[in-house]
Trainee: 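The structure follows.
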Amino acid sequence: MLFFVDTANLDHIKEASELGILDGVTTNPSLMAKEGISGDNAVLQHYQKICEIVGPGHDVSAEVISTDYAGMVKEGKKLAELHENIVVKVPMTVDGVKAISHFSEIGIRTNCTLVFSAGQAILAAKAGATYLSPFIGRIDDMSWEGIDLIKEIVEVYTTQGYETAILAASIRSPLHIVQCAKAGADVVTCPLSAIKGLFYHPLTDIGLEKFLADHKKSQLS
Ligand code: G3P
């Protein structure tokens, strides 16, 4: 399972990259706004910076703002030309699916976002999306089990042999990451805090403290 960080914060991306386990980055308009990035040029420059931090071979999802087919195609082409790492993120709408299908025909990689059902997942795979982003945290927020959607899509994609990668999004905790790994997601995109939460276990800290204390004692005797 690949690890992407879900942020437009350059410090978080650098820190995740330095951990040595980062495979890519996803962003969305809300995350860009959170970093105070506004205006077309500033947004494009920010994507460029993200691509440079993560380096070659690390996919960076950049989302289109247009909602009509022609606008999505124009914007997506501009984003894809920006850097070889860019994957064009397109919402799950009628125009979005048409745009994904077009991008697939001309060799531009895509991430179909805002996916909340197995039916939508089928449409994105049929259109040739590179990645599919089901949002599990937002389903949990409505008191349904978000992870059940990942399990259902894994079953459908395995049965049908679809090649679209399942990129579990709206991850809120380390537990979500473990659940996604068990369910068979291809990728998880998470806030840095959720990735860092995977490291900690009190028995690791206690065990290390004892190893070091025993080593120190053995040096004194
Ligand atoms: O990038 C899309 C997704 O990960 C958003 O997460 O926490 O805003 O539901 P969240």
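Sequential numbering from 1 along the given sequence is applied to the chain's residues. Start at 1 and go down the list; that is how both ligands and their atoms are numbered.
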Trainee: Starting from atom 4 (O) of ligand 1, locate the nearest protein heavy atom and write down its residue, its atom name and how far away it is, to 0.1 Å.
Mentor: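 In this structure, atom 4 (O) of ligand 1 has Asp6 OD2, 2.5 Å as its nearest protein heavy atom.
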Trainee: Is there a side-chain contact between Gln179 and Ile150 in this structure, where contact means two heavy atoms from C-beta onward sitting under 4.5 Å apart?
Mentor: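 In short, these two side chains do not touch, never coming nearer than 4.5 Å.
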Trainee: Out of Leu149, Leu114, Ile139, Ile147, which one pairs with Pro134 under the side-chain contact (heavy atoms from CB on, under 4.5 Å) rule?
Mentor: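 So, applying the side-chain contact (heavy atoms from CB on, under 4.5 Å) to Pro134 and each of Leu149, Leu114, Ile139, Ile147, only Leu149 qualifies.
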Trainee: Can we say Asp59 and Arg109 salt-bridge, meaning some charged N sits less than 4.0 Å from an Asp/Glu carboxylate O?
Mentor: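 Result for this pair is yes, salt bridge flagged.
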Trainee: I need the nearest protein heavy-atom contact for atom 6 (O) of ligand 1: residue, atom name and distance, please.
Mentor: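 For atom 6 (O) of ligand 1, the nearest protein heavy atom is Ser170 CA, 3.3 Å.
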Trainee: Purely on distance, is any nitrogen or oxygen of Thr26 under 3.5 Å from one on ligand 1?
Mentor: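 N/O-N/O distance under 3.5 Å: no.
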Trainee: Please confirm whether Arg172 comes within less than 3.5 Å of ligand 1 when only nitrogen or oxygen atoms on both sides are compared.
Mentor: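 Such a contact does occur with ligand 1.
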Trainee: For atom 5 (C) of ligand 1, what's the nearest protein heavy atom and its distance?
Mentor: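 Here the nearest protein heavy atom works out to Arg138 NH2, 3.7 Å.
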Trainee: Go through ligand 1 atom by atom and flag the ones less than 4.0 Å from a non-hydrogen atom of Asn28.
Mentor: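 Once the distances to Asn28 are compared, the set is 1 (O), 2 (C), 5 (C).
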Trainee: Apply salt bridge (charged side-chain N to carboxylate O under 4.0 Å, His left out) to residues Glu15 and Lys196 and explain how you reach the verdict.
Mentor: CA-CA 10 Å; Glu15 191 177 337; Lys196 285 166 81 176; 2.7 Å; yes
Trainee: For ligand 1, which atoms, with element, lie under 4.0 Å from some heavy atom of Ala169?
Mentor: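 This gives 4 (O) as the contact atoms.
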Trainee: Applying a 4.0 Å heavy-atom criterion (strictly less than), which segment of Lys89 is in contact with ligand 1: side chain, backbone, both, or neither?
Mentor: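 Within the 4.0 Å criterion, Lys89 contacts ligand 1 through side-chain atoms alone.
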Trainee: Taking 4.0 angstrom as the limit, do Lys217 and Asp214 come out as a salt bridge?
Mentor: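 Salt bridge between Lys217 and Asp214, a charged N being under 4.0 Å from a carboxylate O: yes.
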